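Written below as structure tokens is the structure these notes are about.
This chain uses plain numbering: 1 for the first residue, then up along the sequence. In this text the structure is predicted, and so the values were computed from the model without any measurement.
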Amino acid sequence: MGITQVTVAVRNPASPDNPWEGLFLVDTGAVDCMVPGKELRALGIEPVGKRTYELADGSPITFEVAGARLEFMGETVWVTVLFGPDDA
């Protein structure tokens with residue numbers, strides 16, 4: 001199987017007029033979405049908590065999280081976003 005990517009618009013629910021668009025890797029098993037932290041902050045989205053995730057090698061990693069509106073392929077969804085590395 002190949003890698004599937006989709007262009008996604010990330011919007012701040014409190015100020016949806018100026019989205020950030022990025023190319024996202026599609027992972028059908030994922031529940032939350034990782035977005036570059038600097039892009040979330042630029043949208044005015046601030047962390048509301050932290051969650052710990054388990055990497056493929058079993059090691060834990062903690063990310064700040066918040067809620068955001070994502071739009072892709074004609075659909076709009078409300079999701080938990082992870083404040084990923086700025087180059088994510």
Exercise. Please test Glu21 against Val8 for side chain to side chain contact (heavy atoms under 4.5 Å, CB included), starting from the C-alpha separation and ending with a verdict.
Key: CA-CA 6 Å; Glu21 287 191 1; Val8 175; over 6 Å; no
Quiz item: Between Val35 and Phe24, does a side chain to side chain contact (heavy atoms under 4.5 Å, CB included) hold up when you go through it step by step?
Solution: CA-CA 9 Å; Val35 180; Phe24 281 58; 3.9 Å; yes
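Scanning both residues, Val81 and Ala68, for their nearest heavy atoms gives CG1-CB, 3.8 Å. Taking all atoms of both residues into account, the shortest heavy-atom contact from Pro47 to Phe83 is N-CZ, 3.5 Å. Looking at every heavy atom in both residues, Ala66 comes nearest to Glu46 through CB-O, 3.4 Å. Between Thr62 and Lys50, the shortest heavy-atom contact is CG2-CB, 3.9 Å. Pro13 and Gly67 get closest at one heavy-atom pair: CD-O, 4.1 Å.
We find the CH2-NZ distance between Trp20 and Lys38 to be 9.0 Å, quoted to the nearest 0.5 Å. Atom CG of Leu43 is separated from atom CG of Asn18 by 8.0 Å, given to the nearest 0.5 angstrom.
Met73 and Trp78 fall into different hydrophobic clusters, where Ile, Leu, Val, Met, Phe, Trp and Tyr are joined by side-chain heavy atoms under 4.5 Å apart, directly or via other members. Clustering ILVMFWY residues whenever any of their side-chain heavy atoms sit less than 4.5 angstrom apart, transitively, puts Phe72 in the very cluster that holds Val79. Using a 4.5 Å cut-off between side-chain heavy atoms of Ile, Leu, Val, Met, Phe, Trp and Tyr, with links allowed through other members, Leu70 and Leu23 fall into different hydrophobic clusters.
Under the salt bridge (Lys or Arg N to Asp or Glu O under 4.0 Å) criterion, the residue pairs touching residues 65-80 are Arg11-Glu71, Arg69-Glu71, with sequence neighbours excluded.
Residues passing the side chain to side chain contact (heavy atoms under 4.5 Å, CB included) test with Pro85, sequence neighbours excluded: Met34, Phe63, Asp87, Ala88. Partners of Asp32 under the salt bridge (charged side-chain N to carboxylate O under 4.0 Å, His left out) rule, at least two apart in sequence or in another chain, are Arg51.
In this structure the side chain of Tyr53 never reaches within 4.5 angstrom of the side chain of Pro60, judged on heavy atoms. No side-chain heavy atom of Val31 sits less than 4.5 Å from a side-chain heavy atom of Thr80. Side-chain contact between Leu40 and Val10 is present, with at least one heavy-atom pair separated by less than 4.5 Å. Between Cys33 and Leu82 the shortest side-chain heavy-atom distance does not fall below 4.5 Å.
Remark: the backbone N or O of Pro36 is not paired with any side-chain donor or acceptor of Asp86 at under 3.5 angstrom.
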